[in-house]
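Below, chains carry the letters A, B, ... as their sequence lines are ordered, and counting in each starts from 1.
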There are 2 protein chains.
Amino acid sequence: MTGPASATPRTVWIDPDDAGSVLAIEQRLLPFEYEEVSIRTADAMAEAIADMVVRGAGCIGVSAGYGMYLAALEGRGLRGEEADAHLRRAGATLEASRPTAVNLTWAVQRQLGELIGIDDGDARVAQAREVADTIADEDIAACAAIGRHGLEIIREIHERTGRTVNIMTHCNAGWLAFVSHGTATAPMYAAHDAGIPIHVWVSETRPRNQGARLTAWELGQHGVPHTLIADNSAGHLMQHGQVDMIIVGSDRTTVAGDVANKIGTYMKAVAAKDNGVPFYAALPSSTFDPTIRDGVRDIPIEERDPTEVTNATAWFDGRQIEPRLASPGTNAVNFGFDVTPSRLVTGIISERGVCEAGEASIIALYPEFDGAAPPNA
Amino acid sequence: MTGPASATPRTVWIDPDDAGSVLAIEQRLLPFEYEEVSIRTADAMAEAIADMVVRGAGCIGVSAGYGMYLAALEGRGLRGEEADAHLRRAGATLEASRPTAVNLTWAVQRQLGELIGIDDGDARVAQAREVADTIADEDIAACAAIGRHGLEIIREIHERTGRTVNIMTHCNAGWLAFVSHGTATAPMYAAHDAGIPIHVWVSETRPRNQGARLTAWELGQHGVPHTLIADNSAGHLMQHGQVDMIIVGSDRTTVAGDVANKIGTYMKAVAAKDNGVPFYAALPSSTFDPTIRDGVRDIPIEERDPTEVTNATAWFDGRQIEPRLASPGTNAVNFGFDVTPSRLVTGIISERGVCEAGEASIIALYPEFDGAAPPNA
């Protein structure tokens with residue numbers, strides 16, 4: 001398998017040789033094959049997001065930003081209200097491609113805010129490209145800052161215990177889920193690079209096994225010691241003192257600190273609470289949804305194809321297949337995410353620092369969210 | 001696929017046409033193929049248990065009983081101390097075949113108690129056969145009684161709510177894990193047969209997927225409505241009021257009510273507690289280990305081959321394969337069981353009735369366990 005050409009690869013970027021093409025790592029083939037795909041229309045980008053060619057909270061936000069750039073390209077010849085309507089349609093399609101992550105809406109709305117009303121097609125395209133690249137650059141900067149803040153928590157544990165820090169994570173909130181660094185992984189990479197001994201428990205994360213496929217691959221490429229476990233083993237390890245902290249990502253976080261993340265996160269959080277293991281969510285500010293408080297009630301949870309549960313995506317005889325796991329005729333239901341209530345979250349690691357998972361602490365760090373949620377939301 | 005010839009099949013039994021052969025359902029091929037294997041020596045039975053040809057707490061206990069019968073057959077020509085030593089060696093091998101379930105030890109010791117000192121080989125064989133069949137018959141009777149007691153809990157929920165009772169289970173504590181009926185499934189079969197509307201959430205139970213393969217198959221064969229979920233979805237369903245109760249089996253239960261069961265059970269129990277969902281362990285008395293109290297500390301947890309985690313057992317192109325799930329080179333650790341502390345267990349459903357998961361309640365139902373555990377165990 002060949003890997004990314006660059007030592008500091010990105011997950012999605014404009015082809016330097018062809019401004020009409022956005023390139024992305026085809027994440028459904030990793031870690032067994034490395035392939036880059038060319039995406040040339042906003043609709044194709046929405047499909048790539050829905051089909052999880054690109055996946056992960058930050059990565060799909062940045063991809064939506066580039067999708068709006070492709071929409072601007074497609075509508076270069078339009079003017080006035082026609083141009084605006086074209087952009088709004090593309091934005092709606094991109095926003096609808098996955099329902100749980102708020103980063104999609106955030107990126108689309110940011111592009112619309114910058115593009116609506118620009119009458120000249122060339123100027124719109126130039127502006128859309130600049131905004132998309134800015135979203136990507138800000139994502140990288142935010143993840144790097146999350147790494148610096150999270151590193152201090154890991155350092156404190158290491159200094160207190162004097163031994164390797166065992167960190168558990170779930171799914172992939174690594175650089176593949178963003179543009180670079182990742183969120184949950186950023187403190188791990190930073191600690192490892194700073195010479196602090198760490199070991200990562202990687203939950204396989206059924207049904208799509210992003211932990212087994214992507215997080216294990218990322219950590220392996222970076223040389224970070226790690227061990228794969230079945231999701232079911234997480235509680236047992238915590239009961240036996242084998243987990244010093246948990247760091248997960250988030251796909252949407254309410255202003256009160258409820259954290260939507262990959263299905264299974266809540267069970268890890270509740271087991272962590274039962275065992276006194278600190279549980280952190282690492283996320284950039286684009287992941288906040290300041291308009292709601294009660295995540296269990298108000299965050300929509302994506303239901304995906306049941307065949308992801310009845311079957312597995314696996315590698316056999318040199319190719320990727322989807323063999324059957326479940327008894328023939330058995331039906332399944334497949335939730336993409338769950339919500340961890342703030343009472344189970346020790347802290348939120350964001351690009352502005354670490355805060356408690358509560359409205360007062362979050363608004364102290366993000367005063368711009370104050371008042372965004374209606375009184376009873 | 002053909003299934004069992006009998007309408008009330010057993011998992012393990014003496015071949016009616018060949019007393020030198022114990023037949024067992026080859027559970028590693030289910031639900032895709034149905035095959036019966038012939039086991040002719042005690043060592044072969046120990047291998048069948050270790051390799052999970054037969055699996056499940058009750059089934060491996062009964063299998064060990066038949067293994068001792070095969071040992072008696074093999075040693076038919078021995079007398080006196082030689083005969084006793086032969087039986088003890090076979091028993092030790094059978095007991096060592098899997099470390100967590102206490103039923104193995106229980107069945108082997110029961111056979112030894114009946115066989116040691118019988119000097120005549122033919123008499124030993126006859127006695128061993130009778131004891132083995134008795135263990136199997138008692139297992140069936142115990143599971144049937146568990147079904148009757150558990151049925152009343154389900155009936156109460158149905159009468160209170162007036163709607164379908166949603167029951168979650170983990171792994172396979174069905175008839176395949178015993179001889180007939182099962183433990184966790186016995187109340188489900190009893191309720192379904194009594195016309196109480198139930199629906200079962202079947203956790204796939206990585207890494208070996210006994211839920212997806214065996215429990216889904218059993219429930220389907222019996223016509224019980226059920227839906228498969230990834231293990232990670234259990235907490236989300238509980239958070240959203242979709243689970244009325246959980247029933248699991250047990251591989252070893254301490255006299256204080258700590259429950260060892262398939263890895264992942266503890267996380268379901270702690271999520272159940274967090275959501276006010278009643279959590280029951282259904283088990284026959286042979287599952288109790290009256291000599292210990294603290295299960296998290298004192299129950300040995302089997303570690304299995306990591307390839308069960310890095311790979312999956314799946315069905316593809318008409319055959320069973322073990323394709324790779326995890327990133328190449330990634331190591332895994334594979335715990336077979338975990339322990340749920342009694343504080344998370346609403347009740348224990350045993351053949352003598354339902355009791356609280358605490359030493360006083362358990363000893364009230366099982367006075368013979370009183371004093372078996374040393375003061376500080």
Geometric class of the Phe335(A)/His236(B) ring pair [parallel <30°, tilted 30-60°, perpendicular >60°]: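 Plane angle between 30° and 60°, so tilted.
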Per-residue contact mode, Arg208(A) against chain B (heavy atom under 4.5 angstrom):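 For Arg208(A), neither part sits under 4.5 Å from chain B.
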Check each atom of Ala312(A) against the heavy atoms of chain B and say whether the ones under 4.5 Å are side chain, backbone, both or neither.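 Answer is side chain: those atoms of Ala312(A) sit under 4.5 Å from chain B.
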Max heavy-atom pair count under 4.5 Å with chain A, selected residue of Pro328(B), Gly211(B), Ala234(B), Ala332(B):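 Max contact count across the listed options: Ala332(B).
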Top of Glu308(B), His170(B), Lys273(B), Met238(B) for chain A proximity - count of heavy-atom pairs under 4.5 angstrom: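 Heavy-atom pair counts peak at His170(B).
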Before you tell me yes or no, could you show the steps for Asp274(A) and Arg343(B) under salt bridge (charged side-chain N to carboxylate O under 4.0 Å, His left out), namely the whole-Å CA-CA distance, both residues' side-chain angles and the distance that decides it to 0.1 Å? CA-CA 11 Å; Asp274(A) 198 45; Arg343(B) 65 187 159 81; 2.9 Å; yes
Any donor and acceptor pair, going by atom type alone, linking the side chain of Asn331(B) with main-chain N or O of Thr227(A) inside 3.5 Å?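 Pair absent, no side-chain N/O of Asn331(B) close to backbone of Thr227(A).
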For the pair Gln239(A) (side chain) and Val339(B) (backbone), establish whether a donor and an acceptor sit closer than 3.5 Å, ignoring hydrogens and angles.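 It does hold such a pair.
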In Å and rounded to the nearest 0.5 Å, what is the [atom1] to [atom2] distance from [X] to [Y]?
{"X": "Asn311(B)", "Y": "Phe316(A)", "atom1": "CG", "atom2": "CZ", "value": "10.0 Å"}
{"X": "Met267(A)", "Y": "Tyr266(B)", "atom1": "CE", "atom2": "OH", "value": "10.5 Å"}
{"X": "Leu228(B)", "Y": "Ser327(A)", "atom1": "CG", "atom2": "OG", "value": "9.5 Å"}

Sort [X] into side chain, backbone, both or neither according to what part of it lies under 4.5 angstrom from a heavy atom of chain A.
{"X": "Lys262(B)", "answer": "neither"}
{"X": "Thr215(B)", "answer": "neither"}
{"X": "Leu214(B)", "answer": "neither"}
{"X": "Leu237(B)", "answer": "side chain"}

Heavy-atom side-chain proximity of Glu204(A) to Thr310(B) below 4.5 angstrom: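 Not in contact.
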Which pairs count as salt bridge (charged side-chain N to carboxylate O under 4.0 Å, His left out) when at least one residue sits in residues 228-251 of chain A, sequence neighbours excluded?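 Passing the test, one end in residues 228-251 of chain A: Arg163(A)-Asp244(A).
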Quick one: of [options], who has the most non-hydrogen atom pairs under 4.5 Å with chain B?
{"options": "Pro341(A), Gly220(A), Ser233(A)", "answer": "Ser233(A)"}
{"options": "Ile229(A), Ile321(A), Asp338(A)", "answer": "Ile321(A)"}
{"options": "Ala216(A), Pro306(A), Gly329(A), Ala269(A)", "answer": "Ala216(A)"}
{"options": "Thr313(A), Val202(A), Val270(A)", "answer": "Val270(A)"}

Smallest separation among heavy atoms of [X] and [Y], with atom names:
{"X": "Arg206(B)", "Y": "Asn232(A)", "result": "O-ND2, 2.9 Å"}
{"X": "Ala326(B)", "Y": "Phe32(A)", "result": "O-CZ, 3.4 Å"}
{"X": "Thr330(B)", "Y": "His226(A)", "result": "OG1-NE2, 3.8 Å"}
{"X": "Ala230(A)", "Y": "Val309(B)", "result": "N-CG1, 3.8 Å"}

Quick one: do Leu325(B) and Trp315(A) satisfy side-chain contact (heavy atoms from CB on, under 4.5 Å)? Show the steps, please. CA-CA 6 Å; Leu325(B) 298 177; Trp315(A) 191 256; over 6 Å; no
Which residues pass the salt bridge (Lys or Arg N to Asp or Glu O under 4.0 Å) test with Arg252(A), sequence neighbours left out?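 Expected list: Asp289(A).
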